Amino acid sequence: MNEAAITLDGWYALHDFRSIDWASWKLVSAEEREAATKEFIAFLEDLNKDTGSNAFYSIIGQKADFMMMTLRETPEELGEIETKFAKLAIADFTIPTYSYVSIVELSNYLAGKSDEDPYQNPHVRARLYPELPKSKYVCFYPMDKKRDGNDNWYMLSMEDRKKLMYDHGLIGRSYAGKIKQIITGSVGLDDHEWGVTLFSDDMLQFKKIVYEMRFDEVSARYGEFGEFLVGNLLDNEKLEKLLAI
Ligand code: VOV
């Protein structure tokens, strides 16, 4: 059997995309809308009290109106958050459009040899249990590595995959300071193999990096992509504005 990469696995991740049912929301009285908005804001603020991290963005285009991304220590907590949201008044005016379940993941392709326990290394921990940035923009898409005839990532030797991932990492590193990436593994958990979540203060950088990577062999030959969703950072004030009629 071919050698599988060894993964380091961090927090569980839920990307929850919702659309707003504007037609129903507009019919509700101003008082009810205000109460529902306040309750929603309190829910979002409460999320910051638990161990984990959260990101909240409005989504551009018709695929969704907002995304709640939550990272937690256990799948149970992700389930609880989902249920807690479902019980809010605002939930009755939202339509689930897409969700993604995965786990923050690092592979050992570029890891040097060491006897230390990587889970105790502060740099590794910072990546497995990341604080999601408050960047202005987010880009999320799921992806797979191809298993198609001669283009089968999983049949490549460990050595070949290491070389290819090294080149991928070089391109990635040239975006240091412009893009923060969170790679979450989802084999066995959701419909694709990885979730890619990119954060930046310049939306153009998403287009730049994804385009540049398309010419890199890892993506050009082996990458297959799901839907792309992009959005703008939401804070309480922006959320109130978004929900105001
Ligand atoms: C923003 C910059 C950036 C940087 C620095 C970066 C670096 C790295 C390194 C060093 C490594 C390997 C070790 C590890 O850390 O796991 C990875 C791993 C991975 N990447 Fe990456 N990636 C970036 C960015 C980045 C993007 C934009 C994409 C989407 C690709 C595209 O074509 O749209 C991506 C994908 C992935 C995936 C799916 C994996 C897991 C592959 C696997 O087979 O296991 N990635 N990535």
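Model, not experiment: these values are computed from the prediction. These numbers come from the heavy atoms of this one structure, side chains and all, not from hydrogens, waters or symmetry mates.
Asn54 and Arg72 are linked by a side-chain donor-acceptor pair at a separation below 3.5 angstrom, with hydrogens and angles left out of the test. Asp202 and Ser200 share no donor-acceptor pair across their side chains, judged by distance under 3.5 Å alone. Residues Tyr109 and Arg161 have side chains that bring a donor and an acceptor to within less than 3.5 angstrom of each other. Donor-acceptor pairing under 3.5 Å is lacking for the side chains of Thr83 and Glu80.
With contacts defined as side-chain heavy-atom distances shorter than 4.5 Å, the pair Asp144/Trp153 does not qualify. With a 4.5 Å cut-off on side-chain heavy atoms, Leu8 and Tyr119 count as touching. Side-chain atoms of Val101 and Asp190, non-hydrogen and from C-beta on, do get closer than 4.5 Å to each other. With a 4.5 Å cut-off on side-chain heavy atoms, Asp46 and Leu44 do not count as touching. Between Pro142 and Val196, every side-chain heavy-atom pair lies at or beyond the 4.5 Å cut-off. Within the 4.5 Å cutoff, the side chain of Tyr57 has no heavy atoms near those of the Leu234 side chain.
Without hydrogens or angle criteria, Asn232 side chain to Tyr137 main chain gives no donor-acceptor distance under 3.5 Å. A donor-acceptor pair is defined here as one N or O able to donate and one able to accept, closer than 3.5 Å; such a pair exists between the side chain of Ser29 and the backbone of Glu32. A donor-acceptor distance shorter than 3.5 angstrom exists from the side chain of Glu193 to the backbone of Lys145, with no hydrogens or angles considered. A donor-acceptor pair under 3.5 Å is formed between the side chain of Tyr100 and the backbone N or O of His192. Without hydrogens or angle criteria, Ser107 side chain to Ala5 main chain gives no donor-acceptor distance under 3.5 Å. No donor-acceptor pair closer than 3.5 Å links the side chain of Trp25 to the backbone N or O of Ile20. Put simply, the side chain of Lys63 gets close to the backbone of Phe228: a donor and an acceptor are under 3.5 Å apart. No donor-acceptor pair under 3.5 Å is formed between the side chain of Ser135 and the backbone N or O of Asp201. A side-chain donor-acceptor contact under 3.5 Å links Arg33 to the backbone of Val28.
Aromatic ring centres of Phe66 and Phe40: separated by under 6.0 Å.
Across all non-hydrogen atoms, the minimal contact from Ala13 to Leu71 is CB-CD2, 3.4 Å. When all heavy atoms of Thr97 and Ala64 are compared, the pair lying nearest together is OG1-CB, 3.4 Å. Across every non-hydrogen atom of Ser174 and Lys178, the tightest pair is O-NZ, 4.3 Å. Residues Asn2 and Met155 share a closest heavy-atom pair of ND2-C, 3.3 Å. Looking at every heavy atom in both residues, Met165 comes nearest to Leu110 through O-CD1, 4.0 Å. In terms of heavy atoms, Leu229 sits closest to Tyr98 at CD1-CD2, 4.1 Å.
Residue Thr70 holds its OG1 atom at 10.0 Å from CD of Glu77, rounded to the nearest 0.5 Å. In this structure, the separation between NZ on Lys238 and CG on Leu242 is 11.5 Å, given to the nearest 0.5 Å. With rounding to the nearest 0.5 Å, the separation of OG in Ser19 from CG in Asp65 is 4.5 Å. Between Met68 atom CE and Thr94 atom OG1 the span is 7.0 Å, to the nearest 0.5 Å. Atoms CG and OG1, on Leu78 and Thr74 in that order, are 7.0 Å from each other to the nearest 0.5 Å. To the nearest 0.5 Å, atom CD1 of residue Ile103 and atom CG of residue Asp9 are 5.5 Å apart.
Placement of Leu170 and Leu164 within a single hydrophobic cluster is found when ILVMFWY residues are connected by side-chain heavy-atom separations under 4.5 Å, directly or transitively. A continuous path of ILVMFWY side-chain contacts below 4.5 Å connects Phe225 to Phe206, so both sit in one hydrophobic cluster. Taken together through direct or relayed side-chain contacts under 4.5 Å among Ile, Leu, Val, Met, Phe, Trp and Tyr, Tyr211 and Ile209 form parts of separate hydrophobic clusters. Two different hydrophobic clusters hold Ile183 and Leu106 under the rule that ILVMFWY side chains link at heavy-atom gaps under 4.5 Å. Both Phe85 and Leu239 belong to a common hydrophobic cluster when Ile, Leu, Val, Met, Phe, Trp and Tyr are linked at side-chain heavy-atom distances under 4.5 angstrom.
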Worked check of salt bridge (charged side-chain N to carboxylate O under 4.0 Å, His left out) between Glu212 and Lys208: CA-CA 6 Å; Glu212 192 176 346; Lys208 296 272 183 211; over 6 Å; no
Please evaluate residues Asp167 and Glu217 with respect to the criterion side chain to side chain contact (heavy atoms under 4.5 Å, CB included), reporting the C-alpha separation (whole Å), side-chain torsions for both, the decisive distance (0.1 Å), and the verdict. CA-CA 8 Å; Asp167 291 344; Glu217 200 170 341; over 6 Å; no
Do Phe140 and Val230 pass the side chain to side chain contact (heavy atoms under 4.5 Å, CB included) test, and can you show the C-alpha distance, the side-chain angles, and the key distance before you say yes or no? CA-CA 6 Å; Phe140 171 79; Val230 290; over 6 Å; no
Could you go step by step and tell me if Thr197 and His15 meet the side-chain hydrogen bond (donor to acceptor under 3.5 Å, both in side chains) rule? CA-CA 10 Å; Thr197 312; His15 293 72; 2.8 Å; yes
Check against salt bridge (charged side-chain N to carboxylate O under 4.0 Å, His left out), Asp216 and Arg214: CA-CA 6 Å; Asp216 177 57; Arg214 288 293 155 100; over 6 Å; no
Hey, mind stepping through Ile41 and Lys38 against side chain to side chain contact (heavy atoms under 4.5 Å, CB included) and telling me if it holds? CA-CA 5 Å; Ile41 287 173; Lys38 275 208 178 110; 5.8 Å; no
What verdict does the side-chain hydrogen bond (donor to acceptor under 3.5 Å, both in side chains) test give for Trp194 and Glu105, after you've listed the backbone C-alpha separation in whole Å, the side-chain angles of each residue and the deciding distance to 0.1 Å? CA-CA 9 Å; Trp194 288 276; Glu105 180 186 290; 2.9 Å; yes
Where do Asn121 and Arg125 land on the side chain to side chain contact (heavy atoms under 4.5 Å, CB included) test, with the steps shown first? CA-CA 6 Å; Asn121 178 318; Arg125 291 188 70 82; 5.9 Å; no
Take Ser102 and Thr184 through the side-chain hydrogen bond (donor to acceptor under 3.5 Å, both in side chains) test and state the conclusion after the steps. CA-CA 6 Å; Ser102 52; Thr184 52; 2.9 Å; yes
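Using a cut-off of 4.0 Å between Lys/Arg side-chain N and Asp/Glu carboxylate O, Lys241 and Glu237 are scored as not salt-bridged. We find that Asp16 and Arg18 are joined by a salt bridge, their nearest charged nitrogen and carboxylate oxygen being less than 4.0 Å apart.
Shown here are the ring-ring contact (aromatic ring centres under 6.0 Å, His included) partners of Tyr154, two or more places apart in sequence or in another chain: there are none.
Surrounding CD of Gln62 are at most 12 heavy atoms belonging to other residues, nucleotides or ligands under 6.0 Å away. Heavy atoms of other residues, nucleotides or ligands lying less than 6.0 angstrom from NZ of Lys146 number more than 12. Atom OH of Tyr166 has 12 or fewer heavy atoms from other residues, nucleotides or ligands within 6.0 Å. Atom CG of Asp117 is surrounded by more than 12 heavy atoms from other residues, nucleotides or ligands within 6.0 Å.
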